[in-house]
Amino acid sequence: MKPIALTTPLFYVNGLPHIGSAYPTIAADALARFYRLMGHPTLLVTGTDEHGQKIQRTAEQQNLPPQEHCDRVVKEFQHLWNLLDIRFDRFIRTTDPRHTVITREFFQRVYAKGDIYLDRQQGWYCVACEEFKEERELLPDHHCPIHPTLPCEWRDEANYFFRLSRYQEAIATFHHDHPNFIQPEPRRNEVLQFINQGLRDFSISRINLSWGIPLPIDPQHTLYVWFDALLGYLTALLDPDAEPTLVNALTHWYPFHVHIIGKDILRFHAVYWIAMLLSADLPLPEGVFGHGLLTKDGIKMGKTLGNVIDPFDLVSRYGSDAVRYYFLKEIEFGKDGDFSEERFIAILNADLANTFGNLLNRSLGMVSKYCQQRVPTPQPTDLDPILQPVQNLATLLGDRTRQHYQNLNFRAASEIILDLVRDCNKLIDETTPWKRFKTGQQTEVDAILYTLLESVRLAAYLLSPVVPNLSREIYRQLGLNLQESTWQHQNWGVLAPNTILLAPPLSSNVLNYLSLGNDFLSTNTHFTENWLL
RNA sequence: GGCAGCAUAGCUCAGUCGGUUAGAGCGACGGUCUCAUAAUCCGUAGGUCCCCAGUUCAAGUCUGGGUGCUGCUACCA
């Protein structure tokens, strides 16, 4: 099967990981888990971008060497990914010595192509932003619009430039020939417009910057931003013990299936990155997905406002499945979304506890009471006209879900899975197995319960990329093992009759076996009540 | 300013090629059942489909105009 390599952004280690870092990483993990279910060899790449003046300054403020600062922040990232059950295969750091080697080799290739040249960078420079500003965007007296109290400095310095302009035609042609490269589709126009207005070369080095990779051809200069950060994707592909060469990096996994990034850096991936790869004569990735940004209670998050969502806090109180589910199911990936704790709790209670958890609980309870805790043997009954539609829906579900996952439409995937679960709850009320059991209609009871168990299994299976722990526990409860490369589990009838199921919960506390974590039980009354009572 | 997109129930959103009384989930309210969790299931309320005009037998859907909001408009990531 085709290898699939996916990337999250490489996060800037200027501060602790925030929800904006967690969001694309959760999505990338879900997608990776999905491809693993299908049986694709899958590589999930994440990591950190650790160079630059901002990092250097942040470290200085804490009286730490930059590397020490980076090490600390990286630990926090990796800790959070563990808490969120992010199963990454590679964690690349741009301070990795191998990255320097890869970057130098890549640079030499581009340099040999004649795409690097020395020129002057002139303009108004905002020290706080660390960037040159366009004359027209400045406030009166050349004050920076983002830092209105600070005047910008006129700078005239030598920088190395990359000949982006040379690839104008090639990039336009590429995007014309690959209309699905940029996702979601509305973002594509923005990038095309940007290309059509004419591409200008961009500088790739800074002088007076020590925390970074020196330019191979001029060690006075340090590589700046994109020629460092983006190349981290390539370094990440090196097998752990492989010699750091481009050839080795590109052997197994290249090219990337999709880069998952925020819409704010889409251009750099859809234009700069493409040009860099073209210049280096490397194959291009298959896609870039620019996800939306998050607000909290409808308000843009920011440190100054103090209304940030702390992912550590969230996951410690509600568990990883809950956090993953909310951000993947309730927000359309690709569109901006909002987090409100009220809604978060409402959705979890409604979908996971009341709809899905309850179906599982009542189905298992009936199997325990009516079928000696074994998977019943389904036989044709007069109930088939009622059971068939549910089975038909379930049978189609794998294929429909696959399409949504492949389009990174986690919301739609989750929604259609929930549709099946809702139908099952309805089916129970329509067929009243408890009455049939009392009147000795065992064949009918068996047929109903088999339909329910298989549907629950299928829902758990297909939702497992989103809520891996929940699904694993449900599978375990059904006497099965949730594993990779098991796409045949999308079929109807995987659950073998007579399989002995695990003992049902002693109480009606579904959490006993869903094990979503215990901390939030004591910290959130509403959520707790609905699960426990 | 230029270009692009969006506007449907209190909230988040579906709505195919123009086709019957405009849908779902959540939230609210009422009822029902007892396998299950103050759950489930059923029902009710809630819509000028942003506005105006046009095309058409027929417009949430197509066309034009208007209003509002959002995004992009180059080297912070």
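Chain naming here is simple, since letters A, B, ... match the order of the sequence lines and numbering starts at 1 in each.
The closest donor-acceptor contact from the side chain of His69(A) to the backbone of Val13(A) lies under 3.5 Å.
Put simply, Lys335(A) has no side-chain N or O that comes within less than 4.0 Å of OP1 or OP2 on C6(B). Here Lys426(A) reaches the OP1 or OP2 of C42(B): one of its side-chain N or O atoms lies under 4.0 Å away.
Here Glu415(A) lies out of heavy-atom contact (under 4.0 Å) with every strand. Counting non-hydrogen atoms under 4.0 angstrom, Ile204(A) reaches nothing in the nucleic acid. Among the protein residues, Arg187(A) comes within range of the sugar-phosphate backbone only, with heavy atoms under 4.0 Å from sugar or phosphate atoms but none that close to a base. Residue Asp419(A) is classed as having no contact, given no heavy-atom separation below 4.0 Å to the nucleic acid. At the heavy-atom level, Phe162(A) lies nowhere under 4.0 Å from the strands shown.
For an aromatic pair to be called close, the ring centres must be under 6.0 Å apart, and Phe339(A) with Phe327(A) satisfies this.
In this structure, Phe107(A) and Phe227(A) have perpendicular ring planes: the angle between them is above 60°, well past the 30° mark.
In this structure, Glu330(A) atom CD and C13(B) atom P are separated by 8 Å, rounded to whole Å. As a whole-Å value, the separation of Asn189(A) CG from U70(B) P is 20 Å. Here the P atom of nucleotide G27(B) and the CZ atom of Arg343(A) are 10 Å apart, to the nearest Å.
In this structure, His99(A) and Leu231(A) have side chains that are in contact, with non-hydrogen atoms separated by less than 4.5 Å.
Among the nucleotides C35(B), A14(B), A39(B), the one closest to any side-chain atom of Asn358(A) is A39(B).
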